[in-house]
Amino acid sequence: MAQNVKTEKSMEKIVSLCKRKGFIFQAGELYGGLNGCWDYGPLGAELKRNLKDYWWRKTVQERDDVLGMDGAILTMKQVLKSSGHLDGFSDPMCDCLLSKARLRADQIPPQNGTAVWYSGASHGASDWSTDKVFAVLVPPGKDVESARKTARQFYGQFLPDKRISPKELELAGEKSEEMTGTTRFNPENGSLLTEPREFNLMFQTRVGASADENDPNAIAFLRPETAQSIFVQYKNVLDSSRVKLPFGIAQIGKSFRNEINPRNFTFRSREFEQMEIEYFCRPEDGLRLTDEWLEARLRFYEEIGIPRTKLHILDVPDGERAFYSRKTYDIEYEFPFGVQELEGVAYRTDYDLGVHQKGAGKSLEYFDEETKEKLLPHVVEPSAGCDRTVLALICEAYDEEVVKDEKGKEEVRTVLRFHPRMAPVKCGIFPLLKNKPELVAKAREVQKLLQPFMTVFYDETAAIGRRYRRQDEIGTPFGVTIDFDTIGENGPEGRDTVTLRDRDTMEQQRIKIEDLLHFLLERIH
RNA sequence: GCGGGUGUAGCUCAGGGGUAGAGCGCAACCUUGCCAAGGUUGAUGUCGUGAGUUCGAAUCUCAUCACCCGCUCCA
């Protein structure tokens, strides 16, 4: 009955479905919306919880070598000073006045040449003038006339009458100046750049209700990653938990970055949740464990319904990794808006413990009882984006299928094919007809039977087919219907059995109510 | 931050200086015998927000906010 015709997955449809069905809303929508922030609605909250719970179970509870923690979001300035975030987490940026290109100020190569300054320009015939200051850097050996051409181009963009050619402009106040090693000009076209502006990517706040605005000691930050609290508490966990190398500390929690440009729905948000492991090990095991964690993480994605074929592994090349990392894999997913990172598995060496040991002035060394040696452990960090994974789950699950109705007319069935263990609602419960009290009563009984063990949705309105389709749209993997067989109307062999419908195949099977819980639990665990 | 586009019902969108529209969805009732069934009734909008022009603005102008595309950025 169902043809598997894949229509194009568009983010627009997915975003719309998320809002319509209560997965994800924009934060503060009532007041116009807060850029880069999102709220999870009833179904989104369930979905995200299922992901986090499963990650925690697989990462912490079912392993002997990983412990959990839950660190504070407010972070001391000193911590982020040591980690390098305070100095390194802001980029000076400038814009090209001519081409509007944005450049990192610290990446502009120093140049030599003659800077030609102008104090403005005018157009006599149309009585137009401007006193904007502009300058062009002319490389050694090149004619100053080229500067005038560039300057006219610059002033030309402000002409109210676009029919006037920039060539007719009179330039004012030309002055030349020899420059060496300047970074104030765009190497591409010689145009003057804006003054570098700092983009502080961390959210700063003040601790203490009456903190003096100028008290530097009151400054704290919302953490830009969960990792730092793990490094800072590493010694306490070690001393309180009787663990030996190698071992990991895992954490799920919110982090905050003042992204310049949030984009792609929840993909790049200013407030986001991370699922991170810092796995401490002997230096010689770092590279091997990085590969092992990559495999473990890929298996995880498969287990939650993101197939290996949709994942790309990027072995981040030399020069593109963070300076302290000796090996980094990015696990990327084929989002509808492009292949984008879900998780990074980074071998960070002993950089983090090293900087905190130095910054705090306290030893973070590990004493190995067997070899009787002291060492600073190395770290492998699998760091997954929780919201990004939720988004990947939704994108992966989204499907539109062309089905034929009873009259043979084609229609589109929208279905979220979540893995049952991720699905926000596990089972729909429907009395076939709501005007038959015996059916309704029996359906309520089934609801009470399942509800302590899983999320269920009881629905008695509208025709049965419509109820099935409603559940398809929110990704409910199973639906049970209580019909006249269930209440024994068609003979004793059907009594206390229900039809169980599969979301993906739309096929039904008859199952005893007493077997239902076991059947479902086996599939959603 | 720059350039382009968009903003009207829960969703998708039409309209357009003079009483706010459609389809779908939603709610109630009737009907119901397994895949978006039919009927009846109903609710919902400061036309993104603010200011200006106007006798009158959802419509024109400006500003602002948000979203989309491209650039930029992503330690």
Side-chain angles (χ1 to χ4, degrees), chain A residues 1-2 10-13 15-22 25-37 80 83-91 93-104 106-107 157 194 197 199-202 224-225 227 257-265 267-270 320-325 330 337 340-341 344 346 385 403-407 409 411-415 430-436 439 460-473 479-485 489-490 498-503 505-508 510:
Chain A
M1 166 168 199
S10 74
M11 279 314 288
E12 248 169 87
K13 284 180 176 177
V15 172
S16 168
L17 180 75
C18 281
K19 182 180 177 188
R20 195 154 34 88
K21 292 294 173 184
F25 310 118
Q26 192 182 14
E29 197 197 66
L30 195 59
Y31 291 94
L34 180 60
N35 192 233
C37 297
L80 297 163
S83 69
H85 288 87
L86 208 51
D87 300 322
F89 209 40
S90 69
D91 299 326
M93 308 286 305
C94 31
D95 297 315
C96 173
L97 288 170
L98 187 62
S99 68
K100 308 297 177 199
R102 171 165 291 177
L103 304 163
R104 286 262 303 259
D106 55 336
Q107 288 177 356
Q157 49 184 337
T194 58
R197 287 183 304 143
F199 280 72
N200 197 338
L201 302 183
M202 286 199 294
E225 61 177 23
R257 297 181 194 183
N258 216 342
E259 297 287 353
I260 294 168
N261 194 353
R263 271 294 158 88
N264 290 329
F265 199 24
F267 183 82
R268 179 165 296 134
S269 302
R270 293 204 159 107
E320 286 179 35
R321 291 192 301 271
F323 66 92
Y324 47 75
S325 173
D330 284 349
F337 48 82
Q340 297 278 349
E341 183 182 349
V403 294
K404 285 188 178 156
D405 69 11
E406 48 199 6
K407 294 171 193 142
K409 206 179 123 203
E411 59 178 22
V412 173
R413 182 173 83 116
T414 302
V415 47
F430 318 114
L432 184 59
L433 301 174
K434 79 166 168 191
N435 60 353
K436 298 285 184 285
L439 294 181
E460 62 179 23
T461 66
I464 188 70
R466 177 181 297 249
R467 283 179 267 167
Y468 287 148
R469 295 299 174 84
R470 280 179 187 154
Q471 293 305 308
D472 290 343
E473 222 177 352
V480 297
T481 301
I482 287 77
D483 60 12
F484 292 94
D485 283 10
E489 221 169 70
N490 300 321
V498 292
T499 60
L500 178 72
R501 173 191 182 261
D502 181 275
R503 173 198 66 202
T505 62
M506 297 194 285
E507 279 166 11
Q508 302 186 351
R510 201 96 209 151

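Numbers restart at 1 for each chain; the letters A, B, ... are given by sequence-line order, proteins then strands.
- Nucleotide C67(B): paired with G5(B) (Watson-Crick or G-U wobble, both distances less than 3.5 Å).
- Residue Arg470(A) places no side-chain N or O under 4.0 Å from the OP1 or OP2 atom of G25(B).
- Nucleotide C60(B) forms a Watson-Crick or G-U wobble pair with G52(B), both donor-acceptor distances falling under 3.5 Å.
- Taking the side chain of Arg268(A) as heavy atoms from C-beta on, and the options C26(B), C74(B), U32(B), the nearest nucleotide is C74(B).
- Spacing between G70(B) and A75(B) at atom C1', rounded to whole Å, works out to 25 Å.
- When distances are taken from the side chain of Glu473(A) to each of C35(B), C74(B), A36(B), the shortest belongs to A36(B).
- Regarding contacts with the backbone of A36(B), every side-chain N or O of Arg413(A) stays at 4.0 angstrom or more from both OP1 and OP2.
- U46(B) and A57(B) are spaced 13 Å apart, taking the C1' atom of each and rounding to whole Å.
- Two rings, from Phe337(A) and Phe265(A), have their centers 6.0 Å or more apart.
- Which of A75(B), C29(B), C35(B) sits closest to the side chain of Gln508(A) comes down to C35(B).
- Within the 4.0 angstrom heavy-atom criterion, base atoms lie near Asp483(A).
- Considering only side-chain N and O atoms, Lys19(A) lies under 4.0 angstrom from the phosphate OP1 or OP2 of C11(B).
- Within 4.0 Å of Ala322(A), counting heavy atoms only, lie sugar-phosphate atoms of the nucleic acid but no base atom.
- Listed pair Arg510(A) / C34(B) fails the phosphate criterion, with no side-chain N or O lying under 4.0 Å from OP1 or OP2.
- At a threshold of 4.0 angstrom between heavy atoms, the contacts of Gly28(A) with the nucleic acid are absent.
- The shortest distance between the side-chain N/O atoms of Gln26(A) and the OP1/OP2 oxygens of C67(B) is below 4.0 Å.
- An OP1 or OP2 oxygen of U12(B) is reached within less than 4.0 angstrom by a side-chain nitrogen or oxygen of Ser16(A).
- Base-pair partner of A37(B): not found among the strands shown (Watson-Crick or G-U wobble, both distances under 3.5 Å).
- For the pair Arg466(A) CZ and C35(B) P, the computed distance is 14 Å after rounding to whole Å.
- With C1' as the reference atom, G17(B) and G56(B) are 8 Å apart, rounded to whole Å.
- Here Phe267(A) lies out of heavy-atom contact (under 4.0 Å) with every strand.
- Residues Arg501(A) and Asp472(A) are paired through a salt bridge, judged by an N-O separation under 4.0 Å between the basic side chain and the carboxylate.
- Shown here, C26(B) forms a base pair with G42(B); the pair counts as Watson-Crick or G-U wobble because both key distances fall under 3.5 Å.
- For Ile464(A), the listed nucleotide lying nearest its side chain is C34(B); candidates were C34(B), U32(B), C11(B).
- A20(B) makes up no base pair with any nucleotide shown, lacking Watson-Crick or G-U wobble contacts both under 3.5 Å.
- When both distances must be under 3.5 Å, the Watson-Crick or G-U wobble mate of U32(B) does not exist.
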